[in-house]
Amino acid sequence: MLYALLAALLFGVSIPLSKSLLGSWHEVPLAGTIYVSSGLALFGARPFIRAGEPLRREHLGWLAGIVLFGARLGGTCSLFGLRLTTGYAAALLINLEAVFTTAIAVALFRERLSLREWTAIALLVAGASVVSWGSSADATAPRPLLGALLVAFACLCWGFDNNFSRKIASCDPLQIVGVKGIVAGALLLGGGAAAGVYPPADFELLATAAGVGL
């Protein structure tokens, strides 16, 4: 439980930090820098921290889904959404990740929920609806409803990511996240370069983005 709470805290901190970076970055190279820095750092830590079995050939399908949904789609859409809506709205809407994770687990992987758990999901959906409606009147956000939809779509992608990750949870988490970050980050940076958008030539901004990723 402590690790889950710490992960939630770190993920929550990453939202306003990413929002602050969007003034100087395009979304695609920012997402690429965040993911490739996390992948390199965590993969590099593997010689010092060992946990779980190494990835094998039969895990590659799940890993490909993690890269596609968790990083390429989810990571990029969340940043596009962050630019269009307010930071507080995006941070609260991130709770939809739990809703989509649960819905996918029930629909595709035959997991079962208790009445208490269904009630919690309903409250999360109601809260997200209120946040989306309330943010629509915020004049500081250029297109808050579209931003909210993009953040919600990112949460859907992360829901698939979480369920796919669960299928290979016995494997080394540093290897999973390392491969995910390096592959997805390289694809995003390459796609951004092909479209003519690059990370800014500013060490402080690059270091901040790398810190968010780590």
Side-chain angles (χ1 to χ4, degrees), residues 10-44 60-61 63-91 93-94 96-97 100 132 135-136 138-161 164-165 175-214:
L10 292 172
F11 191 66
V13 170
S14 74
I15 301 300
L17 286 175
S18 298
K19 175 76 172 177
S20 68
L21 288 169
L22 284 170
S24 306
W25 293 67
H26 185 278
E27 291 84 352
V28 174
L30 176 56
T33 302
I34 287 173
Y35 277 104
V36 80
S37 60
S38 71
L40 289 172
L42 295 177
F43 202 83
L60 295 182
L63 187 60
I66 290 169
V67 170
L68 174 63
F69 284 94
R72 287 211 69 187
L73 293 176
T76 307
C77 285
S78 67
L79 292 176
F80 276 104
L82 264 175
R83 188 184 292 278
L84 296 176
T85 191
T86 61
Y88 77 85
L93 285 168
I94 293 298
L96 285 174
E97 181 182 349
F100 287 123
S132 300
S135 66
S136 65
D138 196 317
T140 63
R143 302 186 67 182
L145 285 180
L146 178 58
L149 288 174
L150 286 169
V151 173
F153 180 74
C155 291
L156 172 63
C157 293
W158 288 330
F160 281 105
D161 177 5
F164 296 161
S165 297
Q175 188 179 18
I176 295 171
V177 179
V179 172
K180 170 185 175 180
I182 292 170
V183 173
L187 290 172
L188 287 166
L189 289 172
V197 288
Y198 304 91
D202 184 305
F203 176 78
E204 184 177 347
L205 291 174
L206 290 170
T208 303
V212 171
L214 180 57

Closest heavy-atom pair and its distance - Gly213, Ser38: O-CB, 3.0 Å
Heavy-atom closest pair, residues Ala209 and Ile34: O-CG1, 3.7 Å
Side-chain (Ser18) to main-chain (Ser14) donor-acceptor, under 3.5 angstrom: yes
Gap separating the CG atom of Leu30 from the CG atom of Leu189, nearest 0.5 angstrom: 10.0 Å
Nearest-0.5 Å distance, CG of residue Asp161 to CG of residue Leu156: 11.5 Å
Heavy-atom side-chain contact between Ser37 and Leu206 under 4.5 Å: no
Minimum-distance pair of heavy atoms, taken over all atoms of Phe153 and Cys77: CD2-SG, 3.6 Å
Heavy-atom closest contact (Arg83 atom, His26 atom, distance): NH2-CA, 4.2 Å
Minimal non-hydrogen separation, Leu188 against Gly32, with atom names: CB-CA, 3.6 Å
Gap between atom CD1 of Ile66 and atom CG of Leu60 - 0.5 Å precision: 10.5 Å
Backbone N/O of Leu17 and side chain of Ser20: donor-acceptor pair under 3.5 Å: yes
Atom pair CG/CG of Leu150 and Leu93 - distance to nearest 0.5 Å: 11.0 Å
pair Trp158-Ile94: side-chain heavy atoms closer than 4.5 Å: yes
Heavy-atom closest pair, residues Ile15 and Ala90: CG2-CB, 4.4 Å
Non-hydrogen side-chain atoms of Leu79 and Leu82 separated by less than 4.5 Å: yes
Lys180 side chain to Tyr35 backbone, donor-acceptor under 3.5 Å: no
SG-CG distance between Cys157 and Leu73, expressed to the nearest 0.5 angstrom: 4.5 Å
